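What you see below is based on every heavy atom in this structure, not just the backbone, and it leaves out hydrogens, waters and symmetry mates. All values reported here derive from a predicted model rather than from experimental measurement. In what follows, residues are counted from 1 in the order of the sequence shown.
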Amino acid sequence: MRYNYWIVGLLTLLVVIGLFMSRDPERAARLSQMYRDAAFSGEARQLVLFALAIGIGGFILYLTMTRR
């Protein structure tokens, strides 16, 4: 089976589940609260962004040093 069909099928499933979850107001409120609780805030967000920037910079440096 081709990968395009898998991707389209998974995206369709994601949309259907999203519509089902957002239709119920109570469930949508719980989902919204879960997103707020899981998000980084304050200093933790800055630390994660700094680590991500260092990681991306290191990867770019690695690629420039190993490519000829």
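Partners of Leu10 by side chain to side chain contact (heavy atoms under 4.5 Å, CB included), not counting sequence neighbours: none found. With sequence neighbours left out, the side chain to side chain contact (heavy atoms under 4.5 Å, CB included) criterion links Ile17 to Leu13, Met21. With sequence neighbours excluded, the residues that form a side chain to side chain contact (heavy atoms under 4.5 Å, CB included) with Ile56 are Leu52, Ile60. The side-chain hydrogen bond (donor to acceptor under 3.5 Å, both in side chains) test applied to Gln33 returns Arg36, Asp37, not counting sequence neighbours. Annotation: salt bridge (charged side-chain N to carboxylate O under 4.0 Å, His left out) contacts of Glu43 (sequence neighbours excluded): none.
Contact of the Thr64 side chain with the Leu61 side chain is registered, since non-hydrogen atoms from C-beta on lie closer than 4.5 Å. Looking at heavy atoms from C-beta onward, Glu26 lies in side-chain contact with Arg30 at the 4.5 angstrom threshold.
Hydrophobic cluster membership for Phe59: Tyr62, Leu63 (Ile, Leu, Val, Met, Phe, Trp, Tyr linked by side-chain heavy atoms under 4.5 Å, directly or transitively).
In this structure, Ile7 CD1 and Thr12 OG1 are separated by 11.5 Å, a value rounded to the nearest 0.5 Å.
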